[in-house]
Amino acid sequence: MATVPAELIGRAKAWLAEDPDPETRDELAKLIETEDTDELADRFAGTLQFGTAGLRGELGAGPMRMNRAVVIRAAAGLAAYLKDQGHTDGPVVIGYDARHKSADFARDTAAVMTGAGLRAAVLPRPLPTPVLAFAIRHLGAVAGVEVTASHNPPRDNGYKVYLGDGSQIVPPADGEIAARIAAVGPLDGVARPESGWEVLGEDVLEAYLARTEAVLTPDSPRDTRVVYTPMHGVGRDVLTAAFERAGFPAPVVVAEQADPDPDFPTVAFPNPEEPGAMDLAFEAARAADPDIVIANDPDADRCAVAVPAPDTEAGWRMLRGDEVGALLAAHVVGAGGQGTLATTIVSSSLLSRIAAAAGLPYTETLTGFKWLARVDGLRYAYEEALGYAVDPAGVRDKDGITAALLITELAAVLKRDGRTLTDLLDDLAVEHGLHATDQLSVRVEDLSVISDAMRRLREQPPAALGGLAVASAEDLSQGSASLPPTDGLRYTLSGSGEVAAGRVVVRPSGTEPKLKCYLETVVPVASRDALPQARRTAAEALSAVKADLSAAAGL
C-alpha cells in the first residue's frame, strides 16, 4: 500500500474532528488508521456537487459521500439562500423516505433551518415524494426538501430541493445555493438546536389523499383488479388508501416487497425498469390473475405498469414509459382535458401527434420534472423514465400514486367495453403510426467511459445509423431558443423504406453513472392487420440503430 500523503491525512483528520455522526466517524477513523490510500483519496477527491438534482451519492464518511456533515452544510447553504432572497415568511417543509440515514438527514435539516431563524415542518413519517411536493404549496412553504435517492441502489441517498412554487430547483437557483453551501464555515458555527421545529400531523396526508380523487372522472367504472408492489419503498399505505377512497378493489400487494426495507433484499436495483425487479410481482400475478400489475419505485414518484402477455414466459409484459405516457394522455384527452401536453426531448414523439389531433398545445423540455413542471398552462406531462404528472395543479412533480389511480381507471373503462390497455395502444398505432422506442443504457464504474463516448460522437458524428441517414445533428450543449444548454446530442434520422422517421438522443444520466441513449423509429400502420409486420420492421430498425450507435460511441 502506498504511503498516504500528509496533506490527505490532514484533510481527513480535519473532517473527522467535526463529523457529528458516530458511525461515519468510526468509519473514517479506521481508514486513517489503516492508511487506506485509495479509499481516502476517493472520498476526499472533491466535494459532492449540488446541482439541479440536489445531492445524490453513496453513503459514507467524507465530502464525496452522503453523510450528516454534507447534509448539514447543504441545509445551511439553503437556509442562507432563502434568507438572502427574503423567503422567511413561510415554513421549509421536509420529507424523507425509508432509506438508511433518511430520518437523520431530515432531522438535521430541520435543526439547521430552526437554528437559522426559519420555520421548519417535518412530515410525520417516511412518505412518498409526491406528498412532500404537494405539501409545499398546501402549507404555503417557502421551500421543500425531500431526502431520497429514489430508485438508486441501497448504498445511496440523496437530497432534493424544491422552492415555494412547488417545483424542483433549476438554474440559476441551483448555482446560487451551491455557492452558499461552499461558503459555509466550520460545522460548529452552524446552529443546530435540539428542538423548535414542527412535526406535521396526518392532516397533510389527508389533504393529499383528498386531492388524489380529483384525477378521476366521477361515476367512472372502478372494478380493475390490480397486483401491486411498492418495491420495498414507502408507497404501499398511501396507494392502498387512495385506492380505497376511489372505490377500487384493494390491490393484491406483493408480500415479499410490501414493507419498507432500505436494503431492498429481493432486487438487484429497486427500479421497476431493471431486469428481474418485477419477477415477484409477475409471480403474484400468475396466482391472482389481475387485470394489470402496478409498481412504484421506492419513493413512489414513478409508476410502472404491466399487462397480460400470454405468449411470453412470464405471462406479463412491462409497458415502456412511453406507452404508459401515451395511454394516460389519450385518457386525459378523452375525458375532455384542456391545457398543454408536455414531455421531454428523450421521450416518444407520439405525444405530439395526440396533442395535434386533439387541438391542444404541445411542448418539449429537457429531461426531468424540474423542467416539465414549469410549462405554462400544463395539463399533463410525462417522461419515459416512468414519471407522470396527471394533476399538475396539485403536485408540480411526477406522482406515482395519482398515475396509478388514473391508469387503473383507464383499464376499468376499457374493461367495461370488452377491451384492454393493449387494444388502446393498437388504436393509437393505427391512428398515429407505430412509435417504437428503445434505449441503449450503459452503467459504468469509470466515468471517463461516458466522457470519452460523448467526445468521440462530437468529434466524429455518424452520417447514418441503422441505414437511416442522419438528417440533422444537434449538440445540445449549445442551447437553443427553446432549450437551455445541456450535455447531450440529438440526431434526427430520415425515413427509408417502411420506416418513416427516426430520432436518437444521447446524454449522461443526471442521477446515476450511466450513459443513456434514447432511440425512436416511426412506422406507418395501414390497419390493425398490418401491426405485426410494423412491429417487426420497427424492432429491426431499432436494433440496427442501436448497433451502429454503440459502435460510433465506442461502447
Side-chain angles (χ1 to χ4, degrees), residues 273 275 317-323 325-326 343-353 364 366-367 383-385 425-426 428-444 449-477 483 486-509 514-526 530-555:
E273 293 181 295
R317 180 177 81 84
M318 271 279 291
L319 296 180
R320 291 187 173 276
D322 284 318
E323 292 177 303
T343 190
T344 68
I345 59 171
V346 304
S347 303
S348 171
S349 59
L350 175 56
L351 186 64
S352 66
R353 306 283 185 94
E364 291 180 4
L366 297 182
T367 56
E383 61 179 355
E384 55 76 41
L425 285 172
D426 289 349
L428 292 172
V430 172
E431 182 177 359
H432 303 295
L434 178 65
H435 289 63
T437 58
D438 200 359
Q439 191 176 129
L440 172 62
S441 181
V442 182
R443 184 181 292 272
V444 302
V449 173
I450 294 176
S451 57
D452 288 348
M454 295 298 291
R455 184 176 64 252
R456 179 169 174 160
L457 288 170
R458 285 188 168 106
E459 292 175 352
Q460 304 172 50
L465 292 169
L468 304 176
V470 175
S472 68
E474 300 170 77
D475 188 340
L476 301 176
S477 66
L483 295 173
T486 188
D487 186 11
L489 299 164
R490 177 164 58 181
Y491 305 109
T492 301
L493 308 180
S494 298
S496 177
E498 295 177 83
V499 179
R503 186 222 60 205
V504 172
V505 177
V506 183
R507 72 175 188 94
S509 170
K514 283 183 174 181
L515 181 67
K516 291 187 158 186
C517 310
Y518 305 85
L519 324 175
E520 180 180 45
T521 57
V522 182
V523 178
V525 182
L531 271 168
Q533 178 56 46
R535 289 197 177 96
R536 286 191 291 271
T537 298
E540 290 167 2
L542 286 171
S543 179
V545 169
K546 183 186 291 189
D548 283 1
L549 180 65
S550 182
L555 298 173

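Owing to the predicted nature of the structure, the values given are computational and were not obtained by experimental measurement.
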Checklist entry - Can Arg320 and Glu384 be said to form a side chain to side chain contact (heavy atoms under 4.5 Å, CB included), step by step? => result CA-CA 7 Å; Arg320 291 187 173 276; Glu384 55 76 41; over 6 Å; no

Find the distance between [atom1] ([X]) and [atom2] ([Y]) and round it off to the nearest 0.5 Å.
X: Asp487; Y: Leu366; atom1: CG; atom2: CG; result: 11.5 Å
X: Glu498; Y: Leu434; atom1: CD; atom2: CG; result: 11.5 Å
X: Leu476; Y: Thr486; atom1: CG; atom2: OG1; result: 7.0 Å
X: Ile450; Y: Arg455; atom1: CD1; atom2: CZ; result: 13.0 Å
X: Leu549; Y: Asp438; atom1: CG; atom2: CG; result: 11.0 Å
X: Ser509; Y: Leu515; atom1: OG; atom2: CG; result: 9.5 Å

Checklist entry - Charged N to carboxylate O under 4.0 angstrom, Arg317 versus Glu323? => result yes

Assess, by modelled atom type and distance only, whether the side chains of [X] and [Y] contain a donor and an acceptor separated by less than 3.5 Å.
X: Thr437; Y: Ser348; value: no
X: Glu520; Y: Ser349; value: yes
X: Tyr518; Y: Arg507; value: yes

Atom of [X], atom of [Y] and distance for their closest heavy-atom approach:
X: Arg456; Y: Ala552; value: NE-O, 3.1 Å
X: Ala436; Y: Ala538; value: CB-CB, 3.6 Å
X: Leu468; Y: Gly495; value: CD2-C, 4.3 Å
X: Ala541; Y: Val499; value: CB-CG2, 3.9 Å
X: Ala534; Y: Val525; value: CB-CG2, 3.9 Å

Item to check | Test side chain to side chain contact (heavy atoms under 4.5 Å, CB included) applied to Val506 and Met454, step by step | outcome: CA-CA 8 Å; Val506 183; Met454 295 298 291; 3.8 Å; yes

Please examine the side chains of [Y] and [X], heavy atoms only from C-beta on, and report whether any two atoms are closer than 4.5 Å.
X: Leu465; Y: Leu493; result: yes
X: Ser477; Y: Leu489; result: no
X: Asp322; Y: His435; result: no
X: Ser550; Y: Leu440; result: yes

Next on the checklist: Could you go through Val522 and Arg353, starting from their C-alpha distance and side-chain angles, then the distance that decides it, and tell me whether this counts as side chain to side chain contact (heavy atoms under 4.5 Å, CB included)?
Outcome noted: CA-CA 12 Å; Val522 182; Arg353 306 283 185 94; 4.2 Å; yes

Checklist entry - Can you tell me if Arg490 uses its side chain to pair, donor with acceptor, with the backbone of Val346 under 3.5 Å? => result no

